[in-house]
There are 2 protein chains.
Amino acid sequence: MAEERAVGTPVLRRLNTAAVLRAVRDCAPEPVRLAELVRLTGLTRPTVGQAVDGLVEAGWLQQHDPAAASPQGGRPAVRVSLRGRAAPVLGLDVGPHTVSAGIDDLAAHRLAAVRLPVGRTGAGRLLGVVDEAVGRALAEAGLGADEIAAVVVATPGIVDPASGRILLAPSVPGWTSVNLSEHLRGRFGCPVQVENDANLAALAVAGERSGAGTLLAVQWGERLGAGVVIGGRLHRGTGSAGEIGFIRPPGDVPDTGDGRGPLERAIGAEAITERARRAARDRPGTALQAGGLDAAAVFAAAAAGDEAAVRVVDEVAASFAQAIAPAVLVLAPDAVVIGGGVARAGSVLLTAITRHLGRLTLTPPVVEFSGLAEDTVLTGALRLALDEVWGRLPV
Amino acid sequence: MAEERAVGTPVLRRLNTAAVLRAVRDCAPEPVRLAELVRLTGLTRPTVGQAVDGLVEAGWLQQHDPAAASPQGGRPAVRVSLRGRAAPVLGLDVGPHTVSAGIDDLAAHRLAAVRLPVGRTGAGRLLGVVDEAVGRALAEAGLGADEIAAVVVATPGIVDPASGRILLAPSVPGWTSVNLSEHLRGRFGCPVQVENDANLAALAVAGERSGAGTLLAVQWGERLGAGVVIGGRLHRGTGSAGEIGFIRPPGDVPDTGDGRGPLERAIGAEAITERARRAARDRPGTALQAGGLDAAAVFAAAAAGDEAAVRVVDEVAASFAQAIAPAVLVLAPDAVVIGGGVARAGSVLLTAITRHLGRLTLTPPVVEFSGLAEDTVLTGALRLALDEVWGRLPV
DNA sequence: CCTGGTATTTCAAGGACTTTAACAAACCCT
DNA sequence: AGGGTTTGTTAAAGTCCTTGAAATACCAGG
């Protein structure tokens with residue numbers, strides 16, 4: 001019986017210092033006057049003073065010289081801000097082709113960013129690249145492994161939320177037999193969390209949109225995945241939440257045996273190209289005849305008004321909308337945000353999806369592309385790591 | 001900027017009394033010894049003593065005579081329990097055919113239960129029946145409207161979570177123009193919440209299964225709705241979450257113009273009967289030929305091994321599984337629980353759904369029928385009302 | 001009928017934290 | 001140099017929880 005035991009006056013001090021620290025964060029990166037903290041937290045000056053003293057002592061905050069900038073007439077204010085390099089967190093994005101590592105400090109300032117290609121695919125080799133990336137990132141930030149306050153690793157596949165073991169990862173052969181979580185836990189003395197990459201991308205997207213509602217963030221490239229964020233928190237379900245790639249579209253698609261799901265085979269980037277090729281065969285004289293055809297070219301042709309291309313894009317949009325409509329009806333998300341390679345498709349795809357989804361749902365969500373660049377997943381990993389640190393604030 | 005301001009020692013007293021009250025609730029309906037509360041909460045005896053004194057004074061707890069039952073040798077213990085008739089809550093289930101009202105006390109003890117039929121359909125008439133039901137329930141419990149601590153109303157249709165206005169209710173003509181929330185707020189001096197009936201049924205089902213995971217609770221009768229409960233809390237999304245009746249199954253179904261959704265028209269109770277009739281036409285000599293055919297008869301015939309009936313049930317199960325599979329993939333719920341009229345179908349339907357869902361999803365949820373009786377929705381409404389009261393515990 | 005044992009409650013002293021309120025410091029302007 | 005203003009510092013008071021000892025009430029057994 002985990003009773004909520006809240007006792008003793010010390011807990012008050014903890015609550016108040018936490019409130020002060022949060023208030024300082026919300027003002028980041030600007031230093032805050034102590035009097036301002038009093039106003040923000042609603043606490044009294046002595047209380048804030050004691051809390052700040054404790055936080056400075058513990059290394060969470062740094063005091064600024066009163067020399068710089070004091071436009072107000074009166075005694076120069078003591079100003080504090082989050083200490084740079086305090087509680088740095090490590091984020092990792094392990095993919096089949098590249099491994100990225102990044103280090104943020106408490107104020108979400110990027111201290112290091114590394115990106116390494118993976119030569120031959122293979123689980124053992126991959127683990128070596130991960131170690132290499134971690135080492136370089138630590139060196140770039142000038143930090144030791146023992147100084148890292150939290151680690152979050154993004155990986156493709158399905159992750160068991162409890163143990164951190166990878167249960168299913170078709171895109172990386174042998175990856176399920178590697179205990180990534182265990183490996184990293186041995187190197188770091190802090191909590192290590194393994195999480196699905198689409199989930200972390202969703203978290204990054206949710207961070208961009210300040211709204212706290214329900215968000216379905218889709219990663220759409222060769223493969224197709226999604227993450228669900230509800231009220232700023234990741235929804236995991238039994239662990240495999242968001243695996244939209246395995247939705248079965250109406251006209252079934254033959255299994256290619258490469259572990260991809262039906263919807264990925266139907267409207268993944270590769271399938272879009274294939275659809276365009278077929279359309280070009282049936283209808284000569286379209287812009288889709290060009291030699292080096294890829295998904296981007298299809299979208300470009302559609303944007304230019306090529307009729308065959310427009311039809312292909314509309315088909316793809318319709319399939320996507322039909323596939324996720326049941327999920328949209330059940331979840332009623334505020335927005336569906338699309339990232340990944342297809343996110344560069346432009347408004348042709350977007351308006352088509354919006355139109356179809358409007359027809360298939362009761363309260364159609366906003367559909368938009370993610371504005372985030374290639375390091376979306378890494379950003380999400382760092383964000384979750386920072387959330388973790390903020391969750392178990394100071395001691 | 002809603003900063004989390006946690007200050008002053010008085011908040012400690014509040015926190016601790018709340019912890020004590022929760023501990024007492026968890027032991028309900030048995031009275032609790034004070035020493036037991038000390039063990040449960042981790043607080044010290046004087047603290048618990050003061051908290052209990054305060055709660056008794058405020059009318060939340062009642063002391064029991066030490067006379068009754070003290071098997072232990074030693075000074076007879078003071079025992080307390082939730083005061084009956086403290087903070088009673090009112091639940092309402094407003095449907096097109098019946099209106100139910102119930103009153104629970106703090107310990108979830110049913111003080112009153114009323115069930116009234118609605119003669120002619122019509123929004124104005126319905127409001128009158130609601131008032132009548134409320135009045136009778138209050139009289140049965142011997143309470144005044146001003147003593148009610150929270151009200152939750154279940155209604156079909158889509159409810160705006162913020163205002164409590166009914167946005168869409170095809171089954172009750174004119175219902176959207178009635179401001180039910182406003183009407184009841186005028187009568188009661190406490191928070192009034194309007195909520196979709198399937199959502200409240202989901203909450204009731206979640207209460208039965210102690211698990212705190214993710215739950216998709218389906219109400220399946222003439223109509224088809226669902227509620228999503230995540231971690232014991234209702235998921236509302238933009239307001240229309242769980243409207244699975246509007247999922248579009250592959251072979252589209254002609255609109256009947258009565259406001260029902262495509263899936264309802266395809267596999268609702270009426271559609272099941274219709275499917276059986278068609279099957280009987282095509283294949284004479286089946287048990288489905290009987291005159292008064294309804295969904296229950298179809299399931300009974302299937303359970304008895306009638307081949308045509310088995311085929312119909314399998315079709316229905318397949319349609320259902322295909323329809324919700326995308327939502328199951330996105331949500332990854334621990335369980336899908338089916339309530340409503342179809343829940344009396346027996347294991348034929350259940351195993352068929354489980355089989356199809358296992359084929360269509362990655363981590364198939366448990367599929368089972370709800371064990372709750374007809375007042376599921378009312379139970380859920382009362383549960384939400386109690387949650388509301390427990391959320392804003394004592395003053 | 002009295003005594004020891006047990007479980008519980010009551011009481012008083014001590015410690016931790018916040019608040020209030022008065023005082024001191026540092027800067028600007030005239 | 002002196003008033004005005006903003007900010008930081010300090011001491012006393014109040015509230016709450018905790019610790020530890022004493023008191024209470026009942027049972028069992030001699």
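For the numbers below, each heavy atom of this structure counts, side chains included, while hydrogens, waters and symmetry mates do not. Every chain is numbered from 1 and lettered A, B, ... according to where its sequence line falls, protein lines coming before strand lines.
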S.K.: Are the charged groups of B/Glu195 and B/Arg236 less than 4.0 angstrom apart, N to O?
M.R.: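 Yes.
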S.K.: Rounded off to whole Å, could you give me the CG-to-P distance for the A/Asp53 and D/dG8 pair?
M.R.: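 From A/Asp53 CG to D/dG8 P: 11 Å.
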S.K.: Is B/Arg185 salt-bridged to B/Glu182, cutoff N-O under 4.0 Å?
M.R.: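 No, B/Arg185 and B/Glu182 are not salt-bridged.
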S.K.: Calculate the interatomic distance between A/Gln63 atom CD and D/dG8 atom C1'; express it in whole Å.
M.R.: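 One finds 11 Å between C1' of D/dG8 and CD of A/Gln63, rounded.
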S.K.: Taking the side chain from B/Asp334 and the backbone from B/Thr214, do they hold a donor-acceptor pair closer than 3.5 Å?
M.R.: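 The answer is yes, because a donor-acceptor pair under 3.5 Å joins these two groups.
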S.K.: Roughly how many Å is it from CZ in A/Arg33 to C1' in D/dT5, rounded to a whole number?
M.R.: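 In whole Å, D/dT5 C1' lies 13 Å from A/Arg33 CZ.
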S.K.: Quick one: what's the B/S/- string for nucleotides 13-24 of chain C, heavy-atom cutoff under 4.0 Å, read 5' to 3'?
M.R.: ---BSSBB---B
S.K.: Determine, step by step, whether A/Thr41 and A/Asn16 satisfy the side chain to side chain contact (heavy atoms under 4.5 Å, CB included) criterion, reporting the C-alpha distance in whole Å, the side-chain angles of both residues, the deciding distance to 0.1 Å, and the verdict.
M.R.: CA-CA 9 Å; A/Thr41 58; A/Asn16 286 336; over 6 Å; no
S.K.: Can you measure A/Leu15 atom CG to D/dC17 atom P for me and round it to whole angstrom units?
M.R.: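 Those two atoms, CG and P, are 14 Å apart.
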S.K.: Determine, step by step, whether A/Leu378 and A/Arg110 satisfy the side chain to side chain contact (heavy atoms under 4.5 Å, CB included) criterion, reporting the C-alpha distance in whole Å, the side-chain angles of both residues, the deciding distance to 0.1 Å, and the verdict.
M.R.: CA-CA 11 Å; A/Leu378 184 61; A/Arg110 192 66 45 97; 4.3 Å; yes
S.K.: Quick check: do B/His109 and B/Leu82 have side-chain heavy atoms less than 4.5 Å from each other?
M.R.: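 Side chain of B/His109 against side chain of B/Leu82, heavy atoms only: no contact under 4.5 Å found.
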S.K.: Starting from C1' on D/dG8, measure out to CD on A/Glu36 and report it in whole angstrom.
M.R.: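 Going from CD in A/Glu36 over to C1' in D/dG8 covers 16 Å.
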